[in-house]
Amino acid sequence: MKTKTKIIILTCVIFILIGIIILSSLLPRAQEQKQASSNTTNNTNNPINVEPSGNEEQGYIEITYAATSQIFKVDGTDKTITLYQDFPTVVTEDETVKNKIQTELGKIANDEFTELKKEVQSRIDDPTGIDASYMENFGNLSLKWTFSNSRNDDKVISVKNERSGSLGGVSWDDVRGYSFSAETGDRLTINTIAINPDALKKYVNENIIKYFRANYQQLGIAQDSLNSLNEKIDIDKLTWYFNNSGLTICFGKYDVSPDSFEYTINYGDLNDLVKDEYLK
């Protein structure tokens, strides 16, 4: 009798344990279904309040580049000059923004390609320029423009453009930059980014001239030309762009010195000069 009682008790205990295990597995699933149902209801009733996931990149615009080239043959030799140019393709769901940036960058690329083609042809046609004997000594030559993405966020889309190569015994280098509003696709200008355009221009020009005076030897600027810097520094005539550090002004070869270079003013120094939506 005692043995039978023990068996009954043991069986009951086993059934109770099994029941507990089953309930513990079903309870979280029910809670998840309830939460999912609640989320669905909230999303349906209040779609404007839905928060994007942390993996979404707000305002990101993809810009890719495909290279185009043209080969020029130098008469009297089998040598060639190859011209390379990157052409951009803008990808974003916002058709207005895409079309504006694509049109502007496409025009820049086409103008530069046309400019370089004319320069190459003029050097080939010039009796004092590139000739067969020069080409035989130096071999094939090339020039190229390359684009690269600089700043790319929900406020600003920036592109940097660099030229490099050699032509007729002269090394070529140049740098230019362009920035666009990520919201509208419009090309940014000093007038659009500044709180007070005149104050920003004055600040930029004064900082650049101060930098030149302090570093003229390293930059290869002749000392006797320092007095004429005011005539050469004009941000309205220079290209510039926003990168991740600040506002960067571009100087091409021989603009001020024998080499191209960039000068950056950090965002922290622009708080009272540039509108908040363009600062980083």
Side-chain angles (χ1 to χ4, degrees), residues 61-74 80-92 95-126 129-130 141-152 156-168 170-182 184-193 201 204 232-243 247-263:
I61 295 174
E62 182 182 358
I63 305 178
T64 59
Y65 303 95
T68 297
S69 64
Q70 186 167 340
I71 298 175
F72 297 81
K73 190 176 185 307
V74 180
T80 60
I81 301 172
T82 304
L83 184 63
Y84 298 94
Q85 170 65 294
D86 280 349
F87 280 84
T89 298
V90 180
V91 180
T92 176
E95 289 295 320
T96 300
V97 171
K98 180 180 76 173
N99 291 337
K100 285 183 178 180
I101 299 179
Q102 181 70 65
T103 298
E104 187 74 17
L105 288 180
K107 183 179 184 303
I108 290 168
N110 279 313
D111 288 349
E112 289 169 351
F113 203 44
T114 300
E115 173 189 328
L116 288 177
K117 284 191 290 186
K118 289 180 179 178
E119 183 63 37
V120 169
Q121 197 61 56
S122 68
R123 291 298 184 101
I124 292 175
D125 296 339
D126 186 350
I130 302 173
L141 301 178
S142 67
L143 283 173
K144 66 179 179 179
W145 266 114
T146 57
F147 282 92
S148 59
N149 299 338
S150 180
R151 177 177 164 183
N152 199 326
V156 174
I157 305 298
S158 292
V159 170
K160 180 179 177 180
N161 204 355
E162 296 178 277
R163 178 195 291 186
S164 62
S166 63
L167 186 60
V170 178
S171 64
W172 285 60
D173 62 280
D174 202 357
V175 58
R176 300 174 188 175
Y178 316 94
S179 287
F180 304 86
S181 166
T184 66
D186 293 327
R187 172 88 174 270
L188 297 179
T189 67
I190 292 298
N191 288 337
T192 58
I193 68 169
K201 292 174 187 178
V204 170
K232 297 181 179 180
I233 308 304
D234 185 352
I235 195 169
D236 284 328
K237 298 179 181 178
L238 297 167
T239 67
W240 58 269
Y241 66 103
F242 285 118
N243 60 18
L247 175 65
T248 298
I249 299 92
C250 305
F251 293 88
K253 190 178 182 72
Y254 300 125
D255 281 348
V256 177
S257 77
D259 299 309
S260 64
F261 66 97
E262 301 174 279
Y263 179 79

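Values in this document were obtained by computation on a predicted structure and should not be read as measured data. Index from 1, following the sequence.
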Point to revise | Student check: side-chain heavy atoms of Leu238 and Cys250 closer than 4.5 Å | key: no
Point to revise | Closest heavy-atom pair and its distance - Lys253, Ser260 | key: N-CB, 3.8 Å
Revision key, fill the gap. For Thr96, the side chain to side chain donor-acceptor pair (under 3.5 Å) test, sequence neighbours excluded, returns none
Review point. In a check of side chain to side chain contact (heavy atoms under 4.5 Å, CB included) between Thr189 and each of Asp186, Asn191, Ile193, which one passes?
Key: Asn191
Check your understanding: What distance separates Lys201 NZ from Asp236 CG, expressed to the nearest 0.5 Å?
Key -> 3.5 Å
**Study point:** Non-neighbouring partners of Asp125 that pass salt bridge (charged side-chain N to carboxylate O under 4.0 Å, His left out), sequence neighbours left out
**Key:** none
Practice item. Check whether any side-chain heavy atom of Leu143 sits under 4.5 Å from a side-chain heavy atom of Ile81, and report yes or no. Key: no
Exercise for review: Report the residues that fulfil side chain to side chain contact (heavy atoms under 4.5 Å, CB included) with Asn99, sequence neighbours left out, ordered by chain and then residue number.
Suggested key: Glu95
Check your understanding: If you look at every heavy atom in Ile101 and Gly185, which pair is closest and at what distance?
Key -> CG1-O, 3.6 Å
Check your understanding: Under the side chain to side chain donor-acceptor pair (under 3.5 Å) test, which residues partner Lys107, sequence neighbours left out?
Key -> Asp111
Practice item. State whether the side chain of Thr192 and the backbone N or O of Leu188 hold a donor-acceptor pair below 3.5 Å, judged by distance alone. Key: no
Practice item. May I ask you to test the Tyr84-Ser142 pair for a side-chain heavy-atom distance under 4.5 Å? Key: yes
**Study point:** Sequence-distant partners of Ser150, side chain to side chain contact (heavy atoms under 4.5 Å, CB included), two or more places apart
**Key:** Ser158, Tyr241, Asn243
Study note, to complete from the structure: Sorted by chain and number, sequence neighbours left out, ring-ring contact (aromatic ring centres under 6.0 Å, His included) with Tyr178 holds for none
Review point. Roughly how far, to the nearest 0.5 Å, is CD1 of Ile235 from CD1 of Ile249?
Key: 4.5 Å
Check your understanding: With respect to Lys98, which candidate in Thr89, Val90, Ile61 satisfies the side chain to side chain contact (heavy atoms under 4.5 Å, CB included) definition?
Key -> Val90
Study note, to complete from the structure: The side chain to side chain donor-acceptor pair (under 3.5 Å) partners of Thr239 (sequence neighbours excluded) come to none
Review point. Going through the distances and angles, do Thr248 and Lys160 end up as a side chain to side chain contact (heavy atoms under 4.5 Å, CB included)?
Key: CA-CA 10 Å; Thr248 298; Lys160 180 179 177 180; over 6 Å; no
Study note, to complete from the structure: Rounded to the nearest 0.5 angstrom, the CZ-CD distance for Phe87 and Gln102 is 11.0 Å
Check your understanding: Looking at Asp259 and Phe261, what are the two nearest heavy atoms and their distance?
Key -> O-CD2, 3.7 Å
Practice item. Answer yes or no: is there a donor N or O on one side and an acceptor on the other, between the side chain of Gln85 and the main chain of Ala109, under 3.5 Å? Key: yes
Point to revise | Within-4.5 Å side-chain heavy-atom neighbours: Val175 and Asn161 | key: no
Point to revise | Any side-chain heavy-atom pair of Phe147 and Ile108 under 4.5 Å | key: yes
Check your understanding: Mind checking what makes salt bridge (charged side-chain N to carboxylate O under 4.0 Å, His left out) contact with Asp174, not counting sequence neighbours?
Key -> Arg176
Review point. Got a sec, which residues hit ring-ring contact (aromatic ring centres under 6.0 Å, His included) with Trp145, two or more places apart in sequence or on another chain?
Key: none
**Study point:** Set of residues satisfying side chain to side chain contact (heavy atoms under 4.5 Å, CB included) with respect to Ser164, sequence neighbours excluded
**Key:** Lys144
Revision key, fill the gap. Tightest non-hydrogen contact, residues Thr146 and Asp86, listed as CA-OD2, 3.3 Å
**Study point:** Residues that Glu104 engages under side chain to side chain donor-acceptor pair (under 3.5 Å), provided they are two or more places apart
**Key:** Arg187
Point to revise | Intermediate values then yes/no, side chain to side chain contact (heavy atoms under 4.5 Å, CB included), Val97 and Phe180 | key: CA-CA 9 Å; Val97 171; Phe180 304 86; over 6 Å; no
Study note, to complete from the structure: Residues passing the side chain to side chain contact (heavy atoms under 4.5 Å, CB included) test with Lys117, sequence neighbours excluded, are Gln70, Phe72, Leu83, Phe113
Practice item. Considering non-hydrogen atoms only, spot the tightest contact between Ser69 and Thr82 and give its length. Key: CB-CG2, 4.3 Å
